Amino acid sequence: MSGRSSQYCTDVAKALDAPIFHVNADDMEAVVHVCELAAEWRQTFHSDVVVDLVCYRRFGHNEIDEPSFTQPKMYKVIRNHPSALTIYQNKLLESGQVTKEDIERIQNKVNSILNEEFLASKEYVPQRRDWLSSHWSGFKSPEQISRIRNTGVKPEILKSVGKAVTSLPETFKPHRAVKKNYEQRAQMIETGEGIDWAVAEALAFATLLVEGNHVRLSGQDVERGTFSHRHSVVHDQETGERYCPLDHIMANQDEEMFTVSNSSLSEFGVLGFELGYSMESPNALVIWEAQFGDFANGAQVIFDQFLSSGESKWLRQTGLVVLLPHGYDGQGPEHSSARLERFLQMSDDNPFVIPEMDPTLRKQIQECNWQVVNVTTPANYFHVLRRQLHREFRKPLIVMAPKNLLRHKECKSNLSEFDDVQGHPGFDKQGTRFKRLIKDQNDHSDLEEGIRRLVLCSGKLYYELDEERRKVEAKDVAICRVEQLCPFPYDLIQRELKRYPNAEIVWCQEEPMNMGAYSYIAPRLCSAMKSLGRGTIEDIKYVGRAPSAATATGFYQVHVKEQNEIVHKAVQPEPIEYHM
């Protein structure tokens, strides 16, 4: 190969200080010996080992490929070279260990097995249970009914684990900024008010640990958090000692119950590893977080080939969670967008068919290939994480994770929204659980004929829209947050359409028109509207950035101007023109 810089393709392993065994693949017994030796090395020293099979390919890449087109000399030698099977047969015959009859009997047996399986394959119908290994027993396929479970937690457990995740040992000396952060967190738990994003996440992890589940988080700078918000591992400023509060939720807790690991800068490699881990560990909450959502494109192969389509292709479920920081804050085209549109474009739900929406069942989510959410409250984030394990099946979860909401003064939840007590704010008719859509937070009745505009949006833009609405006193504008984009919450969208029968319907986003959720939302929102006689796709007004090749501008002043135009237009008194 002209691109090779050394004799052996395995020389790359020298960088890892791993032993490399080169073995002649024509020598069957040597191959077996080397593979056994490599396995023993791995089991004994728990480190990498590489086997280089020195061999060749006798036939082409596929049925119509003829390798001698490009390698005539090499394939002349290969054609005249006996196969590995022939070489080993002759060796055994010469040694007298087997007879010709023995070899024929073995060949006939193998050919018989292959022919029988080939004939059986023509009538084979795959069963969704076939892929289940022992630790997946009890999980359900999309054909089996799975009921929705609540994800609220008893108040006394929340208080108990809350105290554990906000406490540091008395002798521990953290950085003064981290110390202040933990003191503020302890105050949140004590008062039950102002719970922020990081505390909500820690509570989700801690409550799952108490229930006996393994929680695993990896990614770039996840211990501290890219935005210095998580601080799941704290460092003593004098000794350098590390302390992880989530390792001390229960007495004598196994430290392996919670794993948080800063990973290397290889999105493809790390996400692939976590995907495999989640497929082998259905009772673990396995999370990969990108440093910025924009960097997920470094793992595009994993999303395309495995995560989005693995269940469809191989009947293999996974509950892997992917956190992709997303949002337009003026940080430029490489630090603004997790490419939400790509994940929605790969979603397999039919935009023109409203599925069965029984409020007690999970049928819609069971039948789709993954879930895509853009969550706006700490409590809802808590519930969507816990929902991953509190169900009888597994689905990948793609989260457009926040950046500025991590410290936003309005993005707070009360502890009562996390618990399972009837009558508390987080409790609705079905119980305490993830809210796929959050209705307008003004005290609207089931029928509000005086509302002139219904603005549907997703993510942190809501807080900017709400602030602008209050500023201009646009009390006749309702704003609803679509927290779960995929699968689309038809039932809740229809509920809001009925609530505001005279409202102009707007989809508002901060991404350019050819990006974000618009292309996904429009046909599905149209289907919901048509079913209620509320118009066609032309009646959906768009408010957002114009189509663009780049995800965002690189100039902060331009960003501010564009963002202001979006929020002003969404609540303007005049009707919204469809065209930009």
Side-chain angles (χ1 to χ4, degrees), residues 1 4 6-13 18-137 276 279-280 305-306 310 313-316:
M1 177 181 171
R4 184 170 294 165
S6 63
Q7 183 177 357
Y8 296 104
C9 61
T10 51
D11 278 356
V12 65
I20 303 168
F21 297 114
H22 303 280
V23 59
N24 178 3
D26 271 346
D27 188 338
M28 295 277 193
E29 291 177 4
V31 170
V32 171
H33 173 69
V34 163
C35 289
E36 286 179 346
L37 185 59
E40 288 176 22
W41 175 284
R42 177 80 178 174
Q43 293 301 103
T44 305
F45 301 109
H46 308 290
S47 64
D48 292 329
V49 57
V50 177
V51 174
D52 175 21
L53 287 172
V54 182
C55 54
Y56 59 89
R57 183 161 68 188
R58 184 170 290 275
F59 300 105
H61 184 68
N62 55 42
E63 290 83 352
I64 63 169
D65 180 31
E66 173 48 66
S68 58
F69 289 159
T70 53
Q71 303 286 347
K73 284 185 176 181
M74 181 194 297
Y75 273 85
K76 190 173 184 180
V77 173
I78 289 173
R79 273 195 298 272
N80 295 323
H81 185 74
S83 69
L85 177 60
T86 302
I87 292 170
Y88 193 52
Q89 283 178 353
N90 292 338
K91 179 183 176 181
L92 291 175
L93 287 169
E94 287 171 13
S95 68
Q97 292 175 279
V98 297
T99 63
K100 239 181 176 178
E101 290 73 26
D102 293 330
I103 289 173
E104 286 178 6
R105 190 173 66 254
I106 293 169
Q107 285 180 329
N108 291 336
K109 181 182 177 182
V110 171
N111 285 331
S112 175
I113 292 170
L114 293 174
N115 285 328
E116 286 172 14
E117 293 299 323
F118 174 70
L119 292 171
S121 71
K122 295 181 178 180
E123 298 175 4
Y124 174 71
V125 178
Q127 299 295 319
R128 284 192 175 268
R129 311 300 295 171
D130 290 349
W131 54 264
L132 286 177
S133 50
S134 59
H135 40 277
W136 279 85
S137 60
M279 293 173 81
E280 283 301 304
Q305 304 299 118
F306 299 94
K313 291 192 286 193
W314 306 303
L315 311 179
R316 293 296 308 269

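Everything quoted here is computed from the prediction, not taken from an experiment. The residues of the chain are indexed from 1 along the displayed sequence.
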Quiz prompt | Phe21: partners by ring pair (Phe, Tyr, Trp, His ring centres under 6.0 Å), with sequence neighbours left out | solution = none

Quiz prompt | With sequence neighbours excluded, residues passing side-chain hydrogen bond (donor to acceptor under 3.5 Å, both in side chains) with Thr44 | solution = none

Quiz item: If you take all heavy atoms of Gln305 and Trp314, which pair is closest and at what distance?
Solution: O-CH2, 3.5 Å

Exercise. State the CG-CG distance between Asn24 and Asp52, to the nearest 0.5 angstrom.
Key: 11.0 Å

Exercise. Please list all pairs passing the salt bridge (charged side-chain N to carboxylate O under 4.0 Å, His left out) test where one or both residues lie in residues 81-100, with sequence neighbours left out.
Key: Glu29-Lys91

Quiz item: Quick one: side-chain hydrogen bond (donor to acceptor under 3.5 Å, both in side chains) partners of Asp27, sequence neighbours excluded?
Solution: none

Quiz prompt | Rounded distance [0.5 Å steps], CG in Leu92 versus CE in Met28 | solution = 9.5 Å

Quiz prompt | Distance in Å, Ile20 CD1 paired with Asp48 CG, rounded so as to fall on 0.5 Å steps | solution = 11.0 Å

Quiz prompt | Chi angles and distances behind the side chain to side chain contact (heavy atoms under 4.5 Å, CB included) call for Gln89, Ile106 | solution = CA-CA 11 Å; Gln89 283 178 353; Ile106 293 169; over 6 Å; no

Exercise. With sequence neighbours left out, write down each residue that passes side-chain hydrogen bond (donor to acceptor under 3.5 Å, both in side chains) with Asp102, or none if nothing qualifies.
Key: Thr99, Arg105

Self-check item: With sequence neighbours excluded, residues passing side-chain hydrogen bond (donor to acceptor under 3.5 Å, both in side chains) with Gln107
Solution: none

Return all side-chain donor-acceptor pairs below 3.5 angstrom for residues 31-41, not counting sequence neighbours, or 'none' if the list is empty.
{"unit_1": "Trp41", "atom_1": "NE1", "unit_2": "Ser47", "atom_2": "OG", "d": "3.1"}

Quiz item: In chain order, what residues pass the side chain to side chain contact (heavy atoms under 4.5 Å, CB included) check against Pro67, with sequence neighbours excluded?
Solution: Tyr75

Quiz prompt | Pairing residues for Lys73 by the side chain to side chain contact (heavy atoms under 4.5 Å, CB included) criterion, not counting sequence neighbours | solution = none

Quiz item: How far does CG of Asn108 sit from CD1 of Ile103, to the nearest 0.5 angstrom?
Solution: 12.0 Å

Quiz item: Can you list every side-chain hydrogen bond (donor to acceptor under 3.5 Å, both in side chains) pair that touches residues 58-69, not counting sequence neighbours?
Solution: Tyr56-Arg58, Glu66-Ser68

Quiz item: Roughly how far, to the nearest 0.5 Å, is the CG atom of Leu119 from the CG atom of Leu114?
Solution: 11.0 Å

Practice problem: List the atom of Asp11, the atom of Ser6, and the distance in Å for their closest heavy-atom pair. | Solution: OD2-OG, 2.9 Å

Practice problem: Go through Ser121 and Glu117 one step at a time and tell me if the side chain to side chain contact (heavy atoms under 4.5 Å, CB included) criterion holds. | Solution: CA-CA 6 Å; Ser121 71; Glu117 293 299 323; over 6 Å; no

Practice problem: Decide yes or no on side chain to side chain contact (heavy atoms under 4.5 Å, CB included) for Gln71 and Ile78, but give the supporting numbers first. | Solution: CA-CA 11 Å; Gln71 303 286 347; Ile78 289 173; over 6 Å; no

Quiz item: Atom NZ in Lys109, atom CD in Glu104: separation rounded to 0.5 Å?
Solution: 16.0 Å

Quiz item: With sequence neighbours left out, what residues match Phe59 under ring pair (Phe, Tyr, Trp, His ring centres under 6.0 Å)?
Solution: none

Practice problem: Kindly state each residue pair satisfying ring pair (Phe, Tyr, Trp, His ring centres under 6.0 Å) with at least one member in residues 82-106, sequence neighbours excluded. | Solution: none

